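Every number for a ligand or one of its atoms is a count from 1 in the order of the listing. Model, not experiment: these values are computed from the prediction.
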Amino acid sequence: MVDFTNIKRAFADKSNTDLNRAYFLFKTISSPRISSLLTNLVKFALIIRFPITKIIKITIYKHFCGGETIIDSKKTIDKLWKSSIGTILDYSAEGKEKEIDFNNVLNETIQVIRASRENNKIPFVVFKFTGLIKFNILEKLNNNTILNDNDQVEYNAFKEKLNVICKETVLAKTPLLIDAEESWIQDSIDRIILDLMKKYNHDKILIYNTLQFYRHDRIKYLNTILKQSKEENFKLGLKLVRGAYHQQEIERAKQKNYLPPVHLKKEDTDKDFNESIKICLDNIDNISICAGTHNEESSKILIKLMKERGLKNNDKRIYSSQLLGMSDNISYNLSNENFNVSKYVPYGPVKDVIPYLIRRAEENTSISGQMGRELINIIDEKKRRNS
Ligand SMILES: Cc1cc2nc3c(=O)[nH]c(=O)nc-3n(C[C@H](O)[C@H](O)[C@H](O)COP(=O)(O)OP(=O)(O)OC[C@H]3O[C@@H](n4cnc5c(N)ncnc54)[C@H](O)[C@@H]3O)c2cc1C
């Protein structure tokens, strides 16, 4: 069994400066009060255009991001690869809704696809639909609302972008992960991706959708598309996650007075996530997976079920993935045992990545257990080095 407590290995490529920065960071954001104060200060500083990007760049950005550009991120990519960990470059400029921004995301995605060509260091490419099209158009599609003329023009432009991305993906032969988003746009995303899977996932699995198992309908959906893939002769690419928008899902359901589409108990999410691993491994000839999780228990279950089924640690169809700067004890110890591991490495201009960094701060404050574990590991490694 992989030893996730081996923190020496987890932090082997971190200098003392890196470790001290991580300690300072996680210690600061572990306090909900300080974390909330700092995130509000950052938001305010951005509004009044106070120059805070420099301080962010040498602290939280340096810990969680690869760099401002793909070339800037090369150092991180190479460092991870020394431990046989692949990089999933994630252009993290979020919440932008102008055509010029969508073109920018398209351009970055194409650059990443091209950089991944015959490059083992970049095993996947990732993007999200809202990087290429307005949220409200996806919402209309989700509700089967008829698009007005303007929307239709924008939707056509989106489909053309998607087409370009898929063509580049076929040339590079690097699988494309598509992130999952809020439930009230996800059906439209699922429908489009299922069509892409039917078109592109035959000999090689090139298109991956993401399933969020905090949603109580996802096991059923998984079984439905699995059946469909067998009947219609295509393969499934799936990124399995718990889901990042739990609070928003609950709040919206309350506001609009409908039953939340997500589990209310963490253990129900855990149960479905672990069940999804089992279903996928039982059907591994039809599915490739990327388990995006920082949960040790789920990572252990993945290993155990692979072993029980006689699957090799480095079976090409199975990947585990974590975010840069988080759960290195899982990533580095898995890759040391020859499992396929990759890290999401966000990159982009500092000011554009700030919403992503604020989410990391909030997540590490609010998730009970997770923060404690990161901080404890860092403290233990500091002690070990000083003893
Ligand atoms: C590589 C990678 C890719 C990702 N891609 C996406 C993506 O495309 N879309 C997306 O939405 N998220 C994505 N995520 C984030 C992911 O969904 C989780 O939010 C995050 O990884 C924390 O979950 P965990 O599995 O690491 O485990 P844990 O830390 O054990 O679980 C925390 C998660 O449990 C769930 N949860 C918490 N409290 C409750 C509760 N009371 N009731 C029910 N469920 C609860 C929430 O989903 C929460 O995020 C990604 C994460 C990684 C590592």
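- Taking the centre of each ring, Tyr91 and Tyr347 come in below the 6.0 Å mark.
- Remark: ligand 1 atoms within the under-4.0 Å shell around heavy atoms of Thr293 are 24 (P), 25 (O), 26 (O), 53 (C).
- At a heavy-atom distance under 4.0 Å, only side-chain atoms of His246, from C-beta outward, approach ligand 1.
- At a heavy-atom cutoff of 4.0 Å, ligand 1 is contacted by the side chain of Thr210 but not by its backbone.
- Among the candidates Asn274, Asp270, Ile330, the single residue satisfying the side chain to side chain contact (heavy atoms under 4.5 Å, CB included) test with Ser298 is Asn274.
- Only the side chain of Tyr245 comes within contact range of ligand 1, with a heavy atom under 4.0 Å; no backbone atom does.
- In terms of N/O distances under 3.5 Å, ligand 1 is approached by Lys239.
- Only the side chain of Thr269 comes within 4.0 Å of ligand 1, counting heavy atoms alone; its backbone N, CA, C and O stay farther away.
- Atom 27 (O) of ligand 1 has its nearest heavy-atom neighbour, among Arg242, Gln247, Glu297, in Arg242.
- Under 4.0 Å from ligand 1, the heavy atoms of Leu264 that appear belong solely to its backbone.
- Residue-ligand proximity, Gln212 to ligand 1, at heavy-atom distances under 4.0 Å covers atoms 10 (C), 11 (O).
- Here the side chains of Arg309 and Lys278 are in contact, with some heavy-atom distance below 4.5 Å.
- Within the set Ala180, Gly243, Ser321, the minimum heavy-atom distance to atom 16 (C) of ligand 1 is found for Gly243.
- With sequence neighbours excluded, the residues forming a side chain to side chain contact (heavy atoms under 4.5 Å, CB included) with Phe44 are Ile48, listed by chain and number.
- Ring-centre distance between Phe213 and His263: not below the 6.0 Å cut-off.
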Phe234 and Tyr200: ring pair (Phe, Tyr, Trp, His ring centres under 6.0 Å), yes or no, with the steps?
-> CA-CA 8 Å; Phe234 64 96; Tyr200 294 104; over 10 Å; no
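- Checked against the 6.0 Å centroid criterion, the rings of Tyr245 and Tyr214 do not qualify as a close aromatic pair.
- Heavy-atom proximity to Asn295, at under 4.0 Å, picks out these atoms of ligand 1: 26 (O), 27 (O), 30 (O).
- Between Tyr332 and Phe11, the gap from one ring centroid to the other reaches at least 6.0 Å.
- The option from Lys266, Glu249, Lys128 that lies nearest to atom 37 (C) of ligand 1, judged by heavy atoms, is Lys266.
- The contact set between ligand 1 and Tyr344, taken as ligand atoms under 4.0 Å from a residue heavy atom, comprises 1 (C), 3 (C).
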